[in-house]
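Please read all numbers here as calculations on a predicted model, not as lab measurements.
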Amino acid sequence: KGSQNMELRLENWTKDDFANLVELLKSEADLKYREFHSSLVPDNDKSVFIGIRVPRLREISKEIAKGNPRSFLESAADEYYEIRMLKAYVIGLIKTQDFNDFASLFDSFVPSVDSWAVCDGFCCSVKEVKKYRVDFFQYIQKYLDSKNEWAIRVAVVIMLNYYLDDDYIDCVLKRCDRINNKAYYVSVAQAWLLATAVAKCREKTLSYLRSNSLDDITFNRTVQKCVESRRIDDGTKNYLRSLKRREQ
């Protein structure tokens, strides 16, 4: 619907092309969805949402990627949530030339991350992480060391998506333990990572949960995420419940 009126496979994106894309999105807005989705992302003002569902955004991003996606990224402003998501998906579709190319594309997007939804949509899309796993694991340490909660969350969710295996679990747990940022969306991401790690690397993660430096709130969130997980057996859930802490 609508995209017949606009060519998205462009070789050279101009400001006018970008403005036309925004108009296309607005013409397809689902206002009920806009209400619903904006309520899930309370850290963003409602005015930044147009109201386009993820499958449609992915469809548009695939069309853009068939033209010159890098030109699109250069022309795209961050005014709307949907544009940030399109940029995230487009970056995920670019076949990078080498590690430096991938790292600079990744770096170019991180400042656009301003919500859990953009963070998580971006992290699950950049599958080329798998191509550069060793180098990229070292590289994202700079984000874990950042003072910016969204940069930290990006690194945590990248580890959650691409590094929860026998090769990396020890380092991932160490890194998770060293995060010293009390921001809500960082804490929730740590809890999500650790609950997923219990499902994937059970023994090492349980051993870590018996002795760690997590603050009480993050620790208890982790236990709660484990209890809610369908991938963790009841015996493990009961054991983890017994570790819950009294929050000061």
Side-chain angles (χ1 to χ4, degrees), residues 1-96 101-129 143 146 148-155 157-158 161 185 189:
K1 172 186 166 189
S3 65
Q4 294 83 350
N5 311 329
M6 181 177 179
E7 176 55 59
L8 293 165
R9 302 181 189 188
L10 299 173
E11 268 310 306
N12 180 33
W13 280 77
T14 65
K15 290 272 185 290
D16 285 346
D17 295 321
F18 179 67
N20 290 339
L21 171 63
V22 171
E23 287 312 306
L24 168 68
L25 293 174
K26 287 179 175 175
S27 76
E28 297 188 17
D30 176 338
L31 297 182
K32 273 192 178 160
Y33 179 71
R34 177 178 182 253
E35 284 294 313
F36 166 70
H37 195 68
S38 62
S39 72
L40 298 180
V41 190
D43 32 313
N44 278 183
D45 191 86
K46 193 188 283 184
S47 64
V48 305
F49 293 88
I50 297 172
I52 308 290
R53 293 170 188 268
V54 167
R56 179 65 179 131
L57 290 174
R58 287 204 178 276
E59 206 175 84
I60 293 170
S61 67
K62 281 177 185 158
E63 284 299 299
I64 291 169
K66 286 172 185 165
N68 182 349
R70 293 174 192 257
S71 174
F72 165 74
L73 294 171
E74 281 162 21
S75 80
D78 273 348
E79 188 184 348
Y80 292 104
Y81 165 83
E82 281 81 357
I83 298 294
R84 292 170 198 260
M85 293 302 275
L86 278 179
K87 285 168 69 177
Y89 296 153
V90 165
I91 287 171
L93 292 166
I94 292 174
K95 293 281 170 268
T96 52
D101 182 29
F102 176 71
S104 74
L105 264 180
F106 192 92
D107 286 347
S108 73
F109 186 75
V110 174
S112 299
V113 176
D114 65 342
S115 70
W116 68 264
V118 172
C119 169
D120 301 357
F122 175 57
C123 292
C124 73
S125 299
V126 285
K127 294 194 167 41
E128 290 225 320
V129 168
Y143 288 121
S146 168
N148 180 299
E149 67 177 288
W150 300 116
I152 300 169
R153 185 177 169 107
V154 164
V157 179
I158 286 287
N161 280 325
Y185 287 104

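- Rounding to the nearest 0.5 angstrom, the gap separating the CZ atom in F109 from the SG atom in C123 is 9.0 Å.
- The CD atom of E23 lies 9.0 Å from the CD1 atom of I50; values are rounded to the nearest 0.5 Å.
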Any chance you could lay out the side-chain hydrogen bond (donor to acceptor under 3.5 Å, both in side chains) test for D107 and S104, step after step, and finish with the verdict? CA-CA 5 Å; D107 286 347; S104 74; over 6 Å; no
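- Counting heavy atoms from C-beta outward, V110 and Y143 have side chains that approach closer than 4.5 Å.
- Both tests pass for R58 against the ring of Y89: distance under 6.0 Å to the centre and angle within 45° of the axis.
- Taking CG of L57 as the reference point, atom CZ of R84 lies at 14.0 Å (rounded to 0.5 Å).
- Residue V118 comes nearest to M85 through the heavy atom pair CA-SD, 3.6 Å, listed as atom of the first residue, atom of the second, then distance.
- Counting only heavy atoms from C-beta outward, the side chains of I91 and S125 never approach each other to under 4.5 Å.
- Put simply, the side chain of V126 reaches to within 4.5 Å of the side chain of I158, judged on heavy atoms.
- Using the six-membered ring where Trp is involved, H37 and W116 have ring planes that are tilted, between 30° and 60° apart.
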Between N161 and V129, is the side-chain contact (heavy atoms from CB on, under 4.5 Å) condition met? List the steps. CA-CA 10 Å; N161 280 325; V129 168; over 6 Å; no
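- One finds the CG atom of D17 at 12.0 Å from the CG atom of L24 (value rounded to the nearest 0.5 Å).
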If you apply the rule ring-ring contact (aromatic ring centres under 6.0 Å, His included), what do you find for W150 with Y185, and how did you get there? CA-CA 8 Å; W150 300 116; Y185 287 104; 5.2 Å; yes
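- For F122 and F106, the ring centers sit closer than 6.0 Å to each other.
- Here CD of E7 is found 11.0 Å from CD1 of I64. Values are rounded to the nearest 0.5 Å.
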L21 vs L86, test: side-chain contact (heavy atoms from CB on, under 4.5 Å). Steps then yes/no. CA-CA 11 Å; L21 171 63; L86 278 179; 4.0 Å; yes
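- A pairwise comparison of heavy atoms in A189 and V157 identifies CB-CG2, 4.4 Å as the closest pair.
- Side chains of V22 and E82 form no contact here, defined as non-hydrogen atoms less than 4.5 Å apart.
- The two residues I152 and S146 come nearest to each other via the heavy atoms CD1-O, 3.3 Å.
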I would like to know whether F72 and K87 meet side-chain contact (heavy atoms from CB on, under 4.5 Å); could you show each step before the answer? CA-CA 8 Å; F72 165 74; K87 285 168 69 177; 4.0 Å; yes
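- Put simply, the side chain of N44 gets close to the backbone of D114: a donor and an acceptor are under 3.5 Å apart.
- Of all the heavy atoms in K127 and C124, the pair that sits closest is NZ-O, 2.7 Å.
- Within a 6.0 Å radius of CZ in F36, no more than 12 heavy atoms belonging to other residues, nucleotides or ligands are found.
- Here E63 pairs with K66 in a salt bridge; the nearest charged N to carboxylate O distance falls below 4.0 Å.
- Looking only at distances, no side-chain donor or acceptor of E128 sits under 3.5 Å from a matching main-chain atom of F102.
- Nearest approach of G51 to Y33, heavy atoms of both residues: C-CD2, 3.9 Å.
- For the pair L93 and S61, the minimum side-chain heavy-atom distance is below 4.5 Å.
- Side-chain contact check for D45 and S47: at least one donor-acceptor pair (N or O, by modelled atom type) lies under 3.5 Å.
- Across K46 and S38, no two heavy atoms sit closer than the pair CG-OG, 3.5 Å.
- A salt bridge links R70 and D101; the closest N-O separation between the charged side-chain nitrogens and carboxylate oxygens is under 4.0 Å.
- A salt bridge links E59 with R56: the distance from a Lys NZ or Arg NE/NH1/NH2 to an Asp or Glu carboxylate oxygen falls below 4.0 Å.
- The OG atom of S75 lies 8.5 Å from the CD1 atom of I83; values are rounded to the nearest 0.5 Å.
- At a threshold of 4.5 Å between non-hydrogen side-chain atoms, the residues V41 and V48 do not count as touching.
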Stepwise side-chain contact (heavy atoms from CB on, under 4.5 Å) check, R34 with Y81: CA-CA 11 Å; R34 177 178 182 253; Y81 165 83; over 6 Å; no
